[in-house]
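Below: one structure, written as structure tokens.
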Amino acid sequence: MVMGASGSKLEKALGDQFPEGERYFGLENFGNTCYCNSVLQALYFCIPFREQLLEYYANNKTPGDVEENLLTCLADLFMQISQAKKKTGVIAPKRFVQRVKKQNELFRSYMHQDAHEFLNFLLNELVDILEKESSAAKDSPQSSSPEKAPNGPVQPLANGVKKEPPVTLVHKNFQGILTNETRCLRCETVTARDETFLDLSVDIEQNSSITSCLKNFCSTETLNAEDKFFCDKCCSLQEAQKRMKIKKAPHIEQLGRYKKLSYRVVFPMELKLSNTSDDVDTEYSLFAVVVHVGSGPNHGHYVSLVKSHNHWLFFDDENVEMVEEQTLQTFFGSSHEYSGNTDHGYILFYEGLGGKS
């Protein structure tokens with residue numbers, strides 16, 4: 001653990017306003033691991049996720065008994081930061097990065113990687129680990145004690161009913177449900193199919209906003225000509241209307257750009273998800289942005305901006321500094337396709353406001 005010059009500068013900048021109990025640490029870069037560092041900072045400042053992960057770690061840490069995996073490495077890194085004696089500095093996430101490379105050959109080279117791919121890989125891997133642990137706890141002869149289950153008490157099965165997979169701390173924070181609705185234009189029958197998601201990748205247009213991109217995501221599309229829909233009621237191909245609805249909004253909404261990275265897309269500090277199934281607006285507040293600097297997701301550099309206790313912080317690997325909120329406007333992208341400004345918000349993290357989302 002190293003005390004960086006930017007750390008002492010940050011402490012001076014915050015002065016008496018330095019949040020009690022909070023820690024702001026840069027992360028060492030191990031050769032193009034900025035894609036990993038930027039995502040880790042965003043996840044660390046996703047407070048419900050951090051708290052639940054640390055609680056899980058505290059309840060399940062039995063030295064020598066637990067096999068090292070990505071979950072234990074991530075929890076250990078979060079613990080190192082949260083319990084550091086100093087308020088600022090630099091931590092080397094060496095074990096975590098080594099584990100990522102061991103787990104997935106995609107991240108083994110020293111080439112630049114895609115932060116969005118890494119985030120998806122990490123969250124899905126955490127889900128797999130937690131589900132396996134929950135399943136093992138239920139199958140274990142000692143599993144009569146409900147505290148042993150990593151994701152809450154085990155519910156007994158009635159009459160061999162098929163059991164739902166456990167709701168992990170990843171699901172609690174990031175999972176939402178999309179409903180894919182298709183209406184046959186001949187018989188008016190609506191076919192609906194639900195699918196879960198951990199993040200939304202939205203198609204973007206030049207000089208647009210995240211709000212308009214989300215409206216387009218949920219807009220109605222007509223299926224005709226070669227794209228006709230097979231209607232089970234009509235027993236034939238028919239013209240139909242198709243649309244996506246957000247049936248259940250997640251607590252933490254992650255939005256990623258899909259293609260055309262450099263387009264100018266305005267992202268608001270507050271976001272309303274209006275096209276939900278129950279037609280109740282869900283309000284969100286921006287708390288982290290993973291920014292891509294460069295011409296494509298596999299070239300350039302990643303940094304992150306994070307909101308913590310009403311202050312915005314800029315994390316660039318080892319360096320951490322305080323920035324004004326208006327700095328985020330410089331990461332909307334460029335209004336010209338071939339522009340020198342290649343800095344743009346690549347992954348946006350919004351947290352649901354008030355009550356349960």
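Predicted model, so just to flag it, every value in this text is computed and none were measured. FYI, side chains are in, hydrogens and waters are out, and symmetry mates aren't considered; it's all heavy atoms of this structure.
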May I ask you to decide if G176's main-chain N or O and E253's side chain share a donor-acceptor pair within less than 3.5 Å? no
Does F217 have any ring pair (Phe, Tyr, Trp, His ring centres under 6.0 Å) partners at least two apart in sequence or in another chain, and if so, which? none
From the options L10, V291, L305, T327, select the one residue that forms a side-chain contact (heavy atoms from CB on, under 4.5 Å) with F314. L305
Closer than 3.5 angstrom, by distance alone: can the side chain of Q113 be matched with the main-chain N or O of L106 as a donor-acceptor pair? yes
Side-chain donor-acceptor pair under 3.5 Å between S236 and Q238, yes or no? yes
Does the side chain of Q241 come under 3.5 Å of the side chain of T220 through a donor N or O and an acceptor N or O? no
D199-H116 side chain donor-acceptor pair, cut-off 3.5 Å: yes
Contacts of F45 meeting ring pair (Phe, Tyr, Trp, His ring centres under 6.0 Å) (sequence neighbours excluded), chain-then-number -> Y24, F315
Consider only side-chain N and O atoms of D316 and Y302, and report whether a donor and an acceptor are under 3.5 Å apart. no
Please identify each residue that fulfils salt bridge (Lys or Arg N to Asp or Glu O under 4.0 Å) with R23, with sequence neighbours left out. none
Got a sec, which residues hit ring pair (Phe, Tyr, Trp, His ring centres under 6.0 Å) with F78, two or more places apart in sequence or on another chain? Y44
Going by salt bridge (charged side-chain N to carboxylate O under 4.0 Å, His left out), name the pairs with one or both residues in residues 94-112, residues two or more places apart or in two chains. E68-R95, E68-R99, D76-R95
Would you find a donor on one side and an acceptor on the other, under 3.5 Å apart, between the side chain of T168 and the backbone of H171? yes
Going by ring pair (Phe, Tyr, Trp, His ring centres under 6.0 Å), name the residues that satisfy it together with F107, two or more places apart in sequence or in a different chain. Y35, F118, F121
Given 3.5 Å as the limit, does a donor-acceptor pair link the side chain of S134 with the main chain of E131, or not? no
